[in-house]
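Both ligands and their constituent atoms are indexed starting at 1 by order of listing.
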Amino acid sequence: MKDTPAMELRGVSHVYVNDKGAYLAVEGIQLAVARGEFVSLVGPSGCGKTTLLSLLAGLFSPTIGHVLLDGKDVTGPAPQVGYMLQQDYLFPWRTIADNAAVGLEIQGRKTQRGMGRVEEWLAELGLEGSGGRYPHELSGGMRQRVALVRTLVTEPEVLLLDEPFSALDLQIKLQLEDLVQETLRRLGKTAVLVTHDLAEAVAMSDRIIVMGRGPGRIVREIIVPEALRAATPLQARGLPEYSELFQELWEELEDKEEGVHGA
Ligand code: ADP
Ligand code: MG
C-alpha cells in the first residue's frame, strides 16, 4: 500500500463546544500527506493549525469528517505518532535521560535497550554525557533537543511539530532546523510542522499549506521548488528561489490579515 497517504484529513470540520457556546474552528479540510513528506501549515493565529495537529494526533475526533493514519481511522493517540510542542515540558525533578525516556515509559517500553537508545539519541543530537544532568542546567536549545530525543526515541513514523523552534534564539533555531530536517530525511519520517515563521516553512518544507480564518480553512497549497527541497534549510536560505517564495507567501498572508480585519 505504497500510495496510501501517511496521514489524511478527509472533509474535516471541527466545532469546539464550551459554556460560552459553539465555535466552528475549521471547516472542510482536505489534506493528504505522503509518506516521507515534510508539510508545513502556516496562517494567521487562530486559523486552526493546532486544532489540525491535535486531530492528527488523535487527541479528539473531528465533529465532521475523517482522520486517517496509514489509511485507517484514527480513534485515539497512536504510538506511531510523535507530537512535539513549542514548550519542552521537561520535568524539573527528572534527569535528562529520564525526561527523554518519558514517552517510552508511557508506552511500557522503558527497558535497558530503550535507555540505550536514549543515550544514542542524546549523543546523536549533541548531548553526549548530559543524561545525568537536570533541565535547569541546560540552555533552551539543549532542552528542545531533549524534547526531540523524547519524541524520536519512541520511533514514531510521523512527527507533528507545533512551533517547536519559536522560543529559541535565531542561531540555535537555524541549527535545529538543519538537524531536524536531516534526521527526519535520513529516517524517512513524515512530518507536519506548524509555524508562524514563513522563512522556516520555505526553508524546511516539501509543501506549504496556507490557511485562512473565519472559519479556519485551506486557502492555498504551494509545492516548494526542487532546488530548495534538495538543499539543507540553511543552504536554502541563500538561494534565489527562497526569497521569491518567501515574498509570495508574505503577500498571500498579508491579504489574509486584511480580509479578517476588513481594513
Ligand atoms: P492556531 O493554532 O492556528 O492559532 P487553534 O487551532 O489553536 O489555532 O484555534 C483555532 C480556533 O479555535 C481559535 O479561534 C481558538 O480560539 C479556538 N479554540 C481552540 N481551542 C479551543 C477550545 N478548546 N475551546 C474553544 N475554542 C477553541
Ligand atoms: Mg497554535
Side-chain angles (χ1 to χ4, degrees), residues 7-33 38-69 74-77 81-89 140 143-144 147-148 151 158-168 173 176-177 180 190-205 207-222 246 249-262:
M7 285 180 274
E8 197 176 351
L9 295 167
R10 218 182 263 172
V12 163
S13 299
H14 192 72
V15 178
Y16 285 110
V17 183
N18 58 27
D19 50 5
K20 294 190 204 83
Y23 181 80
L24 177 61
V26 291
E27 186 175 42
I29 304 289
Q30 206 65 20
L31 176 67
V33 182
F38 194 116
V39 171
S40 288
L41 302 180
V42 301
S45 143
C47 70
K49 303 181 294 295
T50 296
T51 300
L52 294 189
L53 278 202
S54 304
L55 287 166
L56 289 169
L59 300 184
F60 45 80
S61 299
T63 313
I64 301 175
H66 294 274
V67 183
L68 303 129
L69 207 65
V74 170
T75 52
V81 179
Y83 203 163
M84 190 171 158
L85 306 166
Q86 178 176 358
Q87 289 203 342
D88 51 50
Y89 294 107
R143 293 170 56 113
Q144 205 55 346
L148 186 61
T151 307
V158 307
L159 275 104
L160 306 174
L161 309 162
D162 201 347
E163 311 226 4
F165 313 123
S166 63
L168 303 172
K173 174 193 174 92
L176 273 188
E177 282 176 14
V180 167
T190 309
V192 178
L193 169 76
V194 164
T195 181
H196 66 263
D197 180 346
L198 301 183
E200 182 168 283
V202 173
M204 291 191 81
S205 323
R207 187 155 54 114
I208 301 171
I209 307 294
V210 183
M211 295 180 65
R213 267 189 302 216
R217 63 205 189 283
I218 294 175
V219 294
R220 212 169 144 205
E221 200 172 325
I222 297 174
F246 181 89
L249 262 179
W250 178 269
E251 281 162 18
E252 177 79 39
L253 282 156
E254 210 170 33
D255 292 349
K256 294 285 112 33
E257 297 286 354
E258 268 170 22
V260 168
H261 300 304

- Quick one: does atom 16 (O) of ligand 1 have a protein heavy atom under 4.0 Å from it? no

Suppose we measure from [atom] to each protein heavy atom; which comes out shortest, and what is that distance?
atom                    : answer
atom 4 (O) of ligand 1  : G46 N, 2.7 Å
atom 7 (O) of ligand 1  : T50 CB, 3.7 Å
atom 22 (C) of ligand 1 : Y16 CD2, 3.4 Å
atom 6 (O) of ligand 1  : T51 OG1, 2.5 Å
atom 8 (O) of ligand 1  : G48 N, 3.2 Å

Contact check, side chains of [X] and [Y], non-hydrogen atoms, under 4.5 Å:
X    : Y    : answer
V39  : M7   : no
I29  : H14  : no
V74  : L56  : no
L52  : M211 : yes
S45  : H196 : no
K173 : D197 : yes

- Task: Under 4.0 Å from a heavy atom of S45: give me the atoms of ligand 1 that qualify, with their elements.
- Result: 4 (O)

- Task: Find all atoms of ligand 1 within a distance of less than 4.0 Å from any non-hydrogen atom belonging to N18, and give their numbers and elements.
- Result: 24 (N), 25 (C)

- Message: Heavy-atom distances under 4.0 Å decide this one: backbone, side chain, both or neither, for L52 against ligand 1?
- Response: neither

- What residues, two or more places apart in sequence or in another chain, satisfy side chain to side chain donor-acceptor pair (under 3.5 Å) together with R10? E8

- Is the Mg ion (ligand 2) less than 2.8 Å from at least one N/O/S atom of T50? yes

- Item | Flag, side chain of T63 to backbone of V15, donor-acceptor distance under 3.5 Å | yes

- Message: Using a plain distance cutoff, I'd like to know if A25 has any nitrogen or oxygen under 3.5 Å from a nitrogen or oxygen of ligand 1.
- Response: no

